[in-house]
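Here is the structure we will look at.
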There are 4 protein chains.
Amino acid sequence: MVAKAKTEGLAQIRRSRTRRVLPAEVRVGDLMSAAAALFIAKGIEATTVNDIVERAGVGKGTFYHYFETKEDVIVALRERFSRDFTAEVAQAVASCPTDDHRARFAAWLRGTVEAYIANYKLHDVVFHEFRPGNRNVKDKEIVLAQLGELLAAGEAAGAWKLPDARTAAIVIFDGMHGVVDDAIAGDQREAEPICRRLSELFSRMLSG
Amino acid sequence: MVAKAKTEGLAQIRRSRTRRVLPAEVRVGDLMSAAAALFIAKGIEATTVNDIVERAGVGKGTFYHYFETKEDVIVALRERFSRDFTAEVAQAVASCPTDDHRARFAAWLRGTVEAYIANYKLHDVVFHEFRPGNRNVKDKEIVLAQLGELLAAGEAAGAWKLPDARTAAIVIFDGMHGVVDDAIAGDQREAEPICRRLSELFSRMLSG
Amino acid sequence: MVAKAKTEGLAQIRRSRTRRVLPAEVRVGDLMSAAAALFIAKGIEATTVNDIVERAGVGKGTFYHYFETKEDVIVALRERFSRDFTAEVAQAVASCPTDDHRARFAAWLRGTVEAYIANYKLHDVVFHEFRPGNRNVKDKEIVLAQLGELLAAGEAAGAWKLPDARTAAIVIFDGMHGVVDDAIAGDQREAEPICRRLSELFSRMLSG
Amino acid sequence: MVAKAKTEGLAQIRRSRTRRVLPAEVRVGDLMSAAAALFIAKGIEATTVNDIVERAGVGKGTFYHYFETKEDVIVALRERFSRDFTAEVAQAVASCPTDDHRARFAAWLRGTVEAYIANYKLHDVVFHEFRPGNRNVKDKEIVLAQLGELLAAGEAAGAWKLPDARTAAIVIFDGMHGVVDDAIAGDQREAEPICRRLSELFSRMLSG
DNA sequence: AATGAATGAGTATTCATTCAT
DNA sequence: AATGAATGAATACTCATTCAT
């Protein structure tokens, strides 16, 4: 019988027949990780909820226990990404003396490039393949705010001078994005040379 | 104007049941324009092939006579967009004296910002809502080449000095993109102030 | 009777909108019976999956929950047919004394002709209107094996003598098929006279 | 442009741009041969009219000049097959003395097996994959008539005795079919051994 | 006679989500 | 909390046939 074969096949994959009760945190984490891996491998659209629960080793209903819709996972993934990303960069910046603004900017650049290189696949998939309303704008805003603050502090301290801080922040951030993408497309995955090239340009901009 | 319907109206009128044989060019143009309008209005996913043929006033088979899949129209639209885009900018640049490199760069920036503002909706939909691997990279390459040439010519003539022309081109192009997007998000749709802010930053970068 | 609806009626009644969870076996059976009835009535190609689920009283998704494609039902139907067919014939043969080989052969012939007459419509549709490479060969093999065994046993016991058992089995089986088809085409649906004519010929072959 | 590429590709395949006017016979023959080759290679359903005209090197309209529908080609192919088949066998039989009935039967068997081995692929596709109304019955009838006549003549001359000529003819013909199919499935494509095995069985049947 | 652009009815299949257990 | 059977709306694509040229 066709149906039997199919059912048995599924059963083989699933680790156990018993229901395991796990802390919600773990379940959510499993689901998100499974989704992330699949999104990267096959793209968001091509990844079905079935794929996700199968990879996470849970029943389909469980998915809908923790997320209202498929989009919810994406949003959650995005938030997690942004949180981790900014935290990492913030830490790198914080390791510099409060008043050495040039160093802080360099640390920001270095941290950003490194974090992006390390996670560009997830970034691409989660930020480019799906754009609901204006949330992603909001996510970008957080990152821009971080950079904007840094730039403003430096200007206040006389480390550099900027005609328009927001414009500069956007050019710096999107410019860095584009250059890293280009490097990756050319199989160049080292942060060092990329940062050097960007530093040169950006310090000109800041020095004015 | 980029990728606008040049042959609409006719299609609207044609509601008759009679079969009309038209030059392939016209048919393809009608279909692409109908698709573009709908993609902008409803998004790519929400636009069905039925919608497209209905708007274009042709039978569904005709669509598949000219395009193998729905994705094909998007690719075609992308190509048309890039072609028109660069042509427009090239024209703007060409109106400047060959040896006035600052002016040529200013013309490039102005032309680019204007063309982008005028067509960002189609651009967004066609370049962001759909990902065919690396074609968009190819499309971007054309635009970057245009800018790269301009920068190289200026440098050769001693108008400015650049450590790395490609990095500069990417930062300028993606930075400009981001700033225009931000302006549009803030309902600011005039090219003038945007160009002024960008000029300031970019001339610093070029002057070194 | 081969492959007849054992669980129909229930499906007919169930027109309610409520979701009913049934044992997989029953669902699969309902779906297969509905498909069989429609295939016989309208042909395979003319029967849509919609027709099937409507007749079975389930949602369309349910169909694809149990079968991967429309062809799968045909394959399943074929398997069920062969299984039921051989079981029926085996039972008829088993009712004869183990050592009366002539009687056993007669029982085989009678059982086969009767089962075929009773189900030739489903047989035709399922085995002739659709060609999946070599599976039907496999299905035929089962039937041939059954007959081959019977012939071999008789020969071993000296009831008859055969130069080549496989050739004989094929001639007997395909010959019987052709003759029954011819009778049915002539609106002759009684097993008795058909068997008599075939017996005459076959016993000559066996007696040598 | 997508459309252009597609059109050009087709143009490449087509040999010439000029319309060649050929005798209708040739055109029909080309079309039938192209169809036969494709039917064998891909199956009837999977072969489109486009495939056929492309392979035949003519425009699509030309197909509909010579055949009313796609089915028409199949019917034509079937008729050609039957005509050639019976003609070949008739010739083989005719080469035997009019009164040597055993020899005539042997010639019939030999001719039939050989013709079938040589053309079973086309036979399968054309007679098994498509069954419109009762035409194929008619085609089979021709073949059966030929054999029936031969059997009747032999009986009249006292060469053998048959209880029911039609039953015998069917068993002989379908039995032979099945045995040849089985041999081919086992990669045995020589007529000689097949005929020997069949002769043995059939002569028993005839001798009674 | 020959062509191939134009047509559109027709259908299998997918997959997010629900809910009975 | 966990499951997975059940659902059905929604859509891209095929291809035999026609007919303007």
Side-chain angles (χ1 to χ4, degrees), chain A residues 3 7 10-11 14 17-24 27 45-54 58-71, chain B residues 17-24 27 45-53 58-71, chain C residues 17-24 27 45-53 58-71, chain D residues 3 7 10-11 14 17-24 27 45-54 58-71:
Chain A
T7 310
L10 280 177
R14 190 70 35 74
R17 289 236 139 274
T18 47
R19 297 175 177 207
R20 291 166 308 150
V21 178
L22 263 65
R27 276 281 144 91
E45 175 128 17
T47 300
T48 70
V49 174
N50 264 331
D51 292 337
I52 298 172
V53 299
E54 191 177 326
V58 301
K60 196 190 288 204
T62 307
F63 179 93
Y64 285 93
H65 251 302
Y66 294 108
F67 301 97
E68 302 234 316
T69 70
K70 185 185 170 188
E71 296 199 350
Chain B
R17 291 265 133 248
T18 40
R19 190 185 277 227
R20 189 159 308 214
V21 178
L22 258 59
R27 272 285 137 86
E45 176 129 19
T47 299
T48 71
V49 174
N50 270 330
D51 293 337
I52 298 172
V53 298
V58 301
K60 193 189 294 205
T62 305
F63 180 92
Y64 286 96
H65 190 66
Y66 289 108
F67 301 97
E68 303 221 322
T69 69
K70 186 184 168 186
E71 297 199 350
Chain C
R17 292 265 134 249
T18 42
R19 192 184 275 226
R20 190 158 306 216
V21 177
L22 258 59
R27 273 286 138 87
E45 176 129 18
T47 299
T48 71
V49 174
N50 268 332
D51 292 338
I52 298 172
V53 298
V58 302
K60 194 187 294 204
T62 306
F63 179 92
Y64 286 96
H65 190 65
Y66 290 108
F67 301 97
E68 303 222 321
T69 67
K70 185 183 168 186
E71 297 199 348
Chain D
T7 309
L10 280 177
R14 190 68 38 72
R17 289 238 140 272
T18 46
R19 301 174 175 205
R20 291 166 308 150
V21 179
L22 264 65
R27 276 282 144 89
E45 175 131 17
T47 299
T48 70
V49 174
N50 265 330
D51 292 338
I52 297 172
V53 297
E54 191 176 324
V58 302
K60 197 191 285 206
T62 306
F63 179 93
Y64 285 94
H65 252 300
Y66 293 108
F67 301 97
E68 302 234 315
T69 69
K70 184 185 169 187
E71 296 198 349

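Residue numbering restarts at 1 for every chain, and letters A, B, ... go by the order of the sequence lines.
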From C/E45 atom CD to D/E45 atom CD, the distance as rounded to the nearest 0.5 Å:
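The CD atom of C/E45 sits 4.5 Å away from the CD atom of D/E45.
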In Å and rounded to the nearest 0.5 Å, what is the OG1 to CD distance from A/T48 to A/E54?
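The OG1 atom of A/T48 sits 8.0 Å away from the CD atom of A/E54.
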I want to confirm an ordering. Mapping C/G61 and B/T62 to their closest nucleotides on DNA chain E, which one lands closer to the 5' end?
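Between the two, 5'-proximity favours B/T62.
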Counting only distance, no hydrogens or angles, is the base of F/dA2 paired donor-acceptor with the side chain of A/H65 under 3.5 Å?
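Answer yes: a donor N or O sits under 3.5 Å from an acceptor.
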Compare side-chain N and O positions of C/Y66 against OP1 and OP2 of F/dA6 and report whether any pair is under 4.0 Å apart.
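Yes, such a contact exists.
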Check the phosphate of E/dA5 against B/R27, side-chain N and O only, distance under 4.0 Å to OP1 or OP2. Yes or no?
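No.
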Can you tell which of D/V58, D/T69, D/I52, D/N50 makes a side-chain contact (heavy atoms from CB on, under 4.5 Å) with D/F63?
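Only match with D/F63 under side-chain contact (heavy atoms from CB on, under 4.5 Å): D/I52.
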Nearest-Å distance for atom pair CG/P, residues B/L22 and F/dT21:
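Interatomic distance, CG of B/L22 to P of F/dT21: 10 Å.
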Whole-Å distance between F/dT17 C1' and D/I52 CD1?
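Result: 13 Å.
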Are any protein N/O atoms closer than 3.5 Å to N/O atoms in nucleotides 10-13 of chain F? If there are, list each pair with its distance.
residue: F/dA12; atom: OP1; partner: B/K70; partner atom: NZ; Å: 3.3
residue: F/dA12; atom: OP2; partner: B/V49; partner atom: N; Å: 3.2
residue: F/dC13; atom: OP2; partner: B/Y64; partner atom: OH; Å: 3.4
residue: F/dC13; atom: OP2; partner: B/K70; partner atom: N; Å: 3.2
residue: F/dC13; atom: N4; partner: B/K60; partner atom: NZ; Å: 2.2

Strand DNA chain F in bracket notation, Watson-Crick/G-U under 3.5 Å with | for pairs to another chain:
.||||||||||||||||||||
Restricting to non-hydrogen atoms, name the atom on D/V49 and the atom on D/K60 that form the minimum distance, rounded to 0.1 Å.
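Nearest pair, atom of D/V49 first, then D/K60: CG1-CG, 4.2 Å.
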